[in-house]
Asker: 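Here's a structure for you.
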Amino acid sequence: MEYKPEAVEKKWQRLWEEKNLFKAEIDSTKKKYYLLEMFPYPSGRIHMGHVRNYTIGDVVARYKRMKGFNVLHPMGWDAFGLPAENAAIGSGVAPKKWTYENIDYMRSQLKRMGFSYDWDREFATCDPDYYKWEQLFFIKMFEKGLVYRDRCFVNWCDSCKTVLANEQVEGGLCWRCGSQVLLKEYDQWFFKITAYAQELLDDIEKLSGNWPERVLSMQRNWIGKSTGTLIKFKLDGMDGEIEVFTTRPDTLYGATFMSLAPEHPLVKTLVKDTKNESNVLNFVEETLKEDRFTRTSEQYEKKGVFTGRYCINPVTGLKMPIYVANFVLYDYGTGAVMAVPAHDQRDFEFAKKYGLPIIVVIEPRGEHLDPLAMEQAYEDEGVLVNSGPFNGLKNKDAMTKITSHLEDMGMGSSTINFRIRDWGISRQRYWGAPIPIVYCDKCGVQPVKEEDLPVLLPEGVEITGKGVSPMEGIDDFVNTKCPRCGGPARRETDTMDTFVESSWYFIRYCSPHENDRPFDPEKTSYWMPVDQYIGGIEHAILHLLYARFFTKVLRDLGYVEISEPFERLLTQGMVIKDGAKMSKSKGNVVDPADMINTYGADATRLFCLFAAPPEKDMDWSDQGIEGSYRFLGRLWRLVDELKDRLKSTEDQADGRPGNLENIKKKTHHTIKKVTEDIDRRFRFNTAIASMMELVNELYKVKDTIQDNHEDLAVIKEAIENLVIMLSPFVPHIADELWYMLGHQGMLLEHPWPEYDATWAEKSIITLAVQVNGKLRATIDIPKDTSEEDATRTALSEQNVKRFVNNNKVTRVIYVPNRVINIIITASK
RNA sequence: GCCCGGGUGGUGGAACUGGUAGACACAAGGGACUUAAAAUCCCUUGGAACUUGUUUCCGUGCGGGUUCGAUUCCCGCCCCGGGCACCA
């Protein structure tokens, strides 16, 4: 009988479904294991990246289940988002219809791959039953002050016609469409992620070792903590003060001017009704026209304009001119920088350009710096000069001393500054979760009442892709009553960033059909946290940081007990073809559907796992999958040829392996190796390689197998364990071969094999023999041979003798079962 | 500039915690089977040299070091990928 993947796979997929094999239920007698892969956006078809991601996950899920864990392995759809709207613009099909049709098709594709999902838990984030709870969280966060509305400069993508979060701007370009991001002033809603910045940073330590170091490093960078000092500078000749953040309070005595960001609100006040007003406001306007990326690139020319106003250095009393400078960022620190030209390169260049004073306050030990002769700022360490009572201190020591001096004066304080900004979540889009807010002329901003949730997304909305929120024109939606006074009011027409939905879906999977509340606490506390999360590295900051934040918020709202959602994280590499990421424009896309049709789901799965370890990029190779397919055929023929003979024998060869001792050893060695490879580091490629070796060994002895009990039992043990161990990788063919071998049932319900240590370990080992560190021979000797015996055997080797000759053996290094190194010195 | 990750045959990749570098697979070559081809099965395959061997030398980005022994540890570089960055 020939191996026909399609027939085999469809048969078992049907049987698994009939049996509801993948259903997960709480079972307090078993250890739980929650395995999750990042859910897909229903873009239309499954691509190779999905196949790889979900195959890796499926192997782990099936393996853990066979190991006796109660496994939760759910799947659903990250279903809100821009492509649905773009499709609507292109073809006129409603986003809802487009999305659900894609889901239906992609679900069938995932089922065709044989993934072991508990489909009863499936949901799409665009289901009102789902986003209803997100709206509830929004309201709860609003009540707690974790949501606020602010008018501010935001990243605007003119192509997507929407606001983007900082995390969604990559190198000045929109993360989705790649067009230039502009700054635009806009009212929008924010989640106060900065309130959790310290905890998000601290908890990174807890994840260390279980998350890839580069993801943690990226998150640390993104949070961007720096410690420094806040210093107040009084304005000269008018009320008010400027506050700055600096990490270099030791240079305060050298601060000679002040730089403000163009967006700084004080700028307008300072120049109001002065002769500088039009000049300064022109400069501000010009600067803000520049896109953010150009403005903040290092090559960009540093420019500024004098406001005509001064502030006072709190320790020297110096009148410092206040400038507006294009390189000062409004959203870092306080948006104002005290300029110390002698010790900061940017300030130095600025001072030279505009003829501002330079005061040296730090000198390297034993050296004198002349401000007039300096060609660049001195940014290194040294000793304080020109700094009043602090002269002679090392600058490091001066930092805390000057800060506490400022604290005594009431002019400053030590502080911590974060780079991370609050998460702007308003999107001027239709296909997203409506923000549950109502604007009333009398009562102001009001959250929708809980009992009125969900705020349903209206249907039949015309999507043009132009202008602002498509829902603004839907009177039925916009016009509503104020939840407080009952008077006429208007709804918020923006929707939430789709990253909000993916920030909590993993908790909803624990009780997906809960109607009266977002989660069933009993189920949540049983299943959470996710034991193993698997997904692409591209979400290292965005999704993974938001999800961590949201989990902490939900904890503080009393919904969950955990602080971190994902115990362990595996970031799988990309699928590459011909040296480049698969993309339509490069024309190197391999459609998984074609692979399944030609080679079957099992061969496709096998190749994804075999070609590279999961965290590395994987090169797709048409010959490679051919090879995986060949291996399955080879396995099939082996079982098919021997099955009838094997059925006729009892299971165990009562410990006496007859002529096939090597096979018995190899079998147990393979069980050990495969188990460890999966457990230790998800090394599926080497696990598969060792099973291929066992198959190769079996082919070598195949024609010598005797029809006696010893031989057949050894072969039976080898083949049956092989099939069992292959089942997480290639579940369909494994179940079919198991059936061909005369068994009932499905291997997912079969326990994972245990190895017998006496067989797994070799009794005769190959010892490397070195002379002066160079390999000269190998000898096969019993395991744990004494040094004396090993030395004697080694020295009797021909080639060893040749090198030892009549030189004196001065030393012998013996590492049992590995190497023996004979050290000789030349005799004269 | 700072922080992560990586560099091994023609290719994808192995090598536990310092102990035989190149498992397994692809590609290539050879053989068996066949009228033939495909499929299948078997063998060879890091480079060089010669005395063709149970041989020698070289070889894991480069240069040093530690060690009986280094792909693995240390120091100094080079290159590739990624993150952060006029961040005060």
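A note on names: the letters A, B, ... follow the listed sequences, proteins ahead of strands, and every chain is numbered from 1.
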Asker: Are any of A/Arg776's side-chain N or O atoms less than 4.0 Å away from OP1 or OP2 of B/rU56?
Answerer: yes
Asker: If you pin A/Met618 and A/Ser628 to their nearest nucleotides in RNA chain B, which one's is more 5'?
Answerer: A/Met618
Asker: Can you say whether the rings of A/Trp423 and A/Tyr546 are parallel (under 30°), tilted (30 to 60°) or perpendicular (over 60°)?
Answerer: parallel
Asker: Please work out whether the ring planes of A/Tyr323 and A/Tyr354 are parallel, tilted or perpendicular, with thresholds of 30° and 60°.
Answerer: tilted
Asker: Give a yes/no on whether any side-chain N or O of A/Arg802 is located under 4.0 angstrom from OP1 or OP2 of B/rU54.
Answerer: no
Asker: Ignoring the backbone of A/Asn326, work out which of B/rC86, B/rC4, B/rG69 is nearest its side chain.
Answerer: B/rC86
Asker: Can you find a donor-acceptor N/O pair under 3.5 angstrom joining the side chain of A/Asn221 to the base of B/rC84?
Answerer: no
Asker: Is A/Arg681 close enough to B/rA14 that one of its side-chain N or O atoms is under 4.0 Å from OP1 or OP2 there?
Answerer: no
Asker: Under a 3.5 Å cut-off for both distances, is B/rC26 Watson-Crick or wobble paired, and to whom?
Answerer: B/rG10
Asker: Does a side-chain N or O of A/Asn685 approach OP1 or OP2 of B/rA14 to a distance below 4.0 Å, or not?
Answerer: yes
Asker: Classify A/Pro613 by what it touches in the nucleic acid, base, sugar-phosphate, or nothing, heavy-atom distance under 4.0 Å.
Answerer: sugar-phosphate
Asker: Is it the case that B/rA85 (base atoms only) and A/Arg419 (side chain only) share a donor and an acceptor within less than 3.5 Å, ignoring hydrogens and angles?
Answerer: no
Asker: Would you say A/Arg637 places a side-chain N or O within less than 4.0 Å of OP1 or OP2 belonging to B/rC41?
Answerer: yes
Asker: Please tell me if A/Arg811 has a side-chain N or O lying less than 4.0 Å from either OP1 or OP2 of B/rC68.
Answerer: yes
Asker: Go nucleotide by nucleotide along RNA chain B from the 5' end; which of A/Asp619 and A/Gly624 gets its closest nucleotide reached first?
Answerer: A/Asp619
Asker: Is a salt bridge present between A/Glu797 and A/Lys801, judged by a nitrogen-to-oxygen distance below 4.0 Å?
Answerer: no
Asker: Identify whether any heavy atom of A/Gln770 sits under 4.0 Å from a base atom; if not, whether one sits that close to sugar-phosphate; answer base, sugar-phosphate or nothing.
Answerer: base
Asker: Using Watson-Crick or G-U wobble geometry with both distances below 3.5 Å, tell me the partner of B/rC50, or none.
Answerer: B/rG53
Asker: With a 4.0 Å cutoff (strictly under), does any side-chain N or O of A/Asn696 reach OP1 or OP2 of B/rA25?
Answerer: yes
Asker: Applying the side chain to side chain contact (heavy atoms under 4.5 Å, CB included) criterion to A/Met258, which one of A/Val324, A/Val244, A/Val337 satisfies it?
Answerer: A/Val244
Asker: Which nucleotide, in any strand shown, forms a Watson-Crick or G-U wobble pair with B/rC86, with both distances under 3.5 Å?
Answerer: none
Asker: Looking at A/Arg634 and B/rC41, is any side-chain donor or acceptor paired with a base atom of the opposite kind under 3.5 Å?
Answerer: no
Asker: Base, sugar-phosphate alone, or nothing: which one does A/Gly333 contact when heavy atoms must sit under 4.0 Å apart?
Answerer: nothing
Asker: Return no unless some side-chain N or O of A/Arg346 is found under 4.0 Å from OP1 or OP2 of B/rC87.
Answerer: yes
Asker: Considering every strand shown, what is the Watson-Crick or G-U wobble mate of B/rA21 when both distances are under 3.5 Å?
Answerer: none
Asker: Taking a pair as Watson-Crick or G-U wobble with both distances under 3.5 Å, which nucleotide is matched to B/rU40?
Answerer: B/rA32
Asker: Between B/rA21, B/rC24, B/rC4, spot the one nearest the side chain of A/Arg214, thanks.
Answerer: B/rC4
Asker: Is any side-chain N or O of A/Lys700 closer than 4.0 Å to OP1 or OP2 of B/rC43?
Answerer: no
Asker: Atom CE in A/Met582, atom CE in A/Met574: separation rounded to 0.5 Å?
Answerer: 11.0 Å
Asker: Could you check whether any side-chain heavy atom of A/Leu406 comes within less than 4.5 Å of a side-chain heavy atom of A/Leu252, counting everything from C-beta outward?
Answerer: yes
Asker: May I have the distance from A/Met218 (atom CE) to B/rG81 (atom C1'), rounded to whole angstrom?
Answerer: 12 Å
Asker: Are OP1 or OP2 of B/rC41 and a side-chain N or O of A/Tyr699 less than 4.0 angstrom apart?
Answerer: yes
